[in-house]
Amino acid sequence: MAFTFQINKDVVWNHDKGLLQKAEENKPALNKKKVVPKQIVELINDPSKLGDVGIIPKTTDLSELDTTQFKRDESVILDFGNHFVGHFNIDIDSVGSPMDAPLTLKVKFAEMASELSSSSEDYNGWLSRSWIQEELLHIDELPVRLEFPRRYAARFVELTVVDTSPKWSVVFSNPVVIAESAVDFDSVILRDTGDKMLNRINSVATKTLMDCMQDVFEDGPKRDRRLWLGDLRLQALANYATFDNTQLVKRGLYLFGGMTAKDGRIPANVFVKPNIVPDDTFLFDYSVFFAATLADYVEHTDDLETLKNLYDVAKKQIDFTFQYVDEDGRLTLPEDYPAFIDWSNDFDKATAAQATLIFGLKKFIILTKLMDDNNSELYVAELDKLINFTKEVLFDRENNQFIVERTGEVNIASQVWMVLAGVMDSSTNQLIMEQMIHTQFPVTGIATPYMYHHIAEALFVADMADEAKKLIKQYWGTMIELGADTFWEAFEPENPNYSPYGSPIVSSYCHAWSCTPVYLTKKYL
Ligand code: RAM
């Protein structure tokens, strides 16, 4: 089963007050910065940009706004020059005869220009339309300083006057955003990689991460604005390579650790506002990654107290998975506990899932040793069983590729995750990656920077840095060429307008699992 809405309303949750208290203690204070528009723009047809929508400047003199009068159906697009997350406010006044009718104003917030050319009325996707960043307001009295209570993620703000009356017009002035984040972009000094495009990618990646670092590591500040475990693992790694805000990682770990289901499983994501609530969604690979995220955190910080506090939670995730491993070492997942791996459903995820368990179990074994757990050997034995099965049944020695047992399918995710899990020795890993490149590149049918990250990392692990660099430059570089100020939740180069939700209007164009080039280039180059 692929990832879709899960409704598990009967789950009984344990709320561990002590752990949740630690999460609360590590809540960050947000930095706030005032940002003003850089220019007023118009949309143009531009086949080189996402959705064929580009921009041209109308004016960079923002004082022109103060003297421009707007009437029915007239609009203006404010361009803030870069992505922001924050609260927008603006002065609005009427000019002409007395205001004999309300002002009706439509305000759209867009991360990418192409969102402005899509109409919310046409949206028919499966994800809530409430995520569309659009407001329709009736304002009875002018002048007013209009302050938007909702936080937006955007670069562009479009104001459209739905109506005034024939007797008067509207004037806008002083548009301002109070941008917020737990970190400050200027606190990071990015290393020169010696490659212009990689440097640019690292800068955009850092901005992406920053805009997702709020009260928690959000997956995307436009949507879903919550802490996902799979995303947290990668955000934490990129954060260690940039802002190094270990407090926010610690907070995330305690939030997950503090809310587990009665059977011990961790939810795939948690909500933090207005109250802390676990989502009734479970993803196999995400649960396993709790141990990996904790191990990475402990390796980076030496915070053994947090390890002690969260060790049992990590252990339960691993123990829970063993019921799905048969005596040969074969993992078979039930329909209602799927492995996410990627948004695409075009490939079989069984072998990749087996690899994520090996990957997570290895990280957990590091923790058992740090904790002097007497049962450490049991986990090593379980690992051996999984690896033996993988080598004997899932590895096709003739072709140096991992297969899916049921169908013989060979896909990229299986090779990549097995290399990351370190199942074979390094020379075999290289053969696997070479064969993968030979038979399956250019990559198709993979929809997320999340999976592309794992491809790039597997290439680095297999000592193929040039190939990894090439992939990063192609994939993340293309997003930049298409107009990205921050990297996206989903991007299929062969189908740039792909959205997992049936329409780009609810897609997130600042999504933290895409920020990892800054980690990869620091670690491997
Ligand atoms: C989406 C989000 C999130 C991801 C899940 C599985 O809802 O993009 O980041 O982790 O899918």
Side-chain angles (χ1 to χ4, degrees), residues 1-8 85 111-112 125-133 153 205 208-209 211-239 248-249 252-253 255-256 265-272 277-290 292-293 317 333 336-345 347 349 352-353 356 360 413 417 446-454 479 484 486-492 498-516:
M1 187 170 85
F3 178 69
T4 175
F5 278 126
Q6 291 183 27
I7 300 180
N8 297 305
V85 177
E111 295 181 307
M112 295 292 297
W126 59 271
L127 209 64
S128 170
R129 61 171 59 247
S130 303
W131 287 116
I132 302 169
Q133 301 193 113
T208 306
L209 178 61
D211 281 356
C212 295
M213 288 176 73
Q214 301 290 336
D215 191 39
V216 289
F217 280 100
E218 293 182 7
D219 59 335
K222 170 181 169 186
R223 216 217 72 243
D224 316 327
R225 304 173 164 216
R226 75 190 72 137
L227 178 67
W228 283 86
L229 194 33
D231 305 55
L232 172 65
R233 182 174 74 85
L234 299 190
Q235 284 172 298
L237 293 172
N239 168 49
L248 202 62
V249 182
L253 287 166
L255 279 169
F256 281 114
R265 271 185 306 169
I266 282 190
N269 67 93
V270 300
F271 304 90
V272 285
V277 176
D279 192 9
D280 56 346
T281 296
F282 300 93
L283 295 174
F284 168 82
D285 42 351
Y286 281 23
S287 304
V288 168
F289 291 152
F290 184 76
T293 313
Q317 304 319 300
L333 289 175
D336 61 354
Y337 197 26
F340 171 67
I341 311 288
D342 182 63
W343 263 113
S344 173
N345 291 329
F347 60 90
K349 299 176 178 174
T356 59
W417 269 108
I446 287 181
T448 60
Y450 177 77
M451 187 60 218
Y452 269 86
H453 156 84
H454 293 113
M479 279 191 256
T486 47
F487 292 126
W488 311 337
E489 169 185 22
F491 177 49
E492 243 185 15
Y498 165 83
S499 162
Y501 315 108
S503 162
I505 200 165
V506 294
S507 291
S508 159
Y509 292 106
C510 174
H511 215 72
W513 66 17
S514 63
C515 69
T516 56

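Indexing begins at 1, ligand by ligand and atom by atom, following the structure's order. Position 1 is the first residue of the sequence, and the numbers go up from there. The structure presented is a predicted model; accordingly, all values stated were derived computationally and were not measured.
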J.: Under 4.0 Å from any heavy atom of Glu489, which atoms of ligand 1 are there?
T.: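 In order of numbering, the contacting atoms are 1 (C), 2 (C), 8 (O).
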J.: Report yes if Asp231 has an N/O atom closer than 3.5 Å to an N/O atom of ligand 1; otherwise report no.
T.: yes
J.: My understanding is that only residues two or more places apart in sequence, or in another chain, count here; which of them pass ring-ring contact (aromatic ring centres under 6.0 Å, His included) with Phe347?
T.: none
J.: Atom SG of Cys510 and atom CH2 of Trp488: how far apart are they, to the nearest 0.5 Å?
T.: 12.5 Å
J.: With sequence neighbours excluded, what pairs up with His454 under the ring-ring contact (aromatic ring centres under 6.0 Å, His included) test?
T.: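 ring-ring contact (aromatic ring centres under 6.0 Å, His included) check on His454 returns Trp417, Tyr450.
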J.: Tell me whether Trp513 has any N or O atom under 3.5 angstrom from an N or O of ligand 1.
T.: no
J.: Are Gln6 and Tyr337 close enough that a side-chain donor and a side-chain acceptor fall under 3.5 Å?
T.: no
J.: Side-chain contact test, heavy atoms from C-beta onward, threshold under 4.5 Å: evaluate it for Asp224 versus Asn269 and give yes or no.
T.: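 No, side chains not in contact.
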J.: Are the aromatic rings of Phe340 and Tyr286 close, with centres under 6.0 Å apart?
T.: yes
J.: Quick check on contacts: which atoms of ligand 1 are under 4.0 angstrom from a heavy atom of Asp224?
T.: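 In order of numbering, the contacting atoms are 1 (C), 2 (C), 7 (O).
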J.: If you count the atoms of ligand 1 from 1 in the order shown, which ones are under 4.0 Å from a heavy atom of His511?
T.: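 Selected atoms, number and element: 2 (C), 3 (C), 8 (O), 9 (O).
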J.: For Tyr286, take its heavy atoms, then give the atoms of ligand 1 lying under 4.0 Å from any of them.
T.: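 Within the 4.0 Å cut-off of Tyr286, ligand 1 contributes 4 (C), 6 (C), 10 (O).
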J.: Check if Tyr450 has a non-hydrogen atom at a distance under 4.0 Å from any atom of ligand 1.
T.: no
J.: Using a 4.0 Å cutoff against the non-hydrogen atoms of Asp219, which atoms of ligand 1 qualify?
T.: 2 (C), 3 (C), 9 (O)
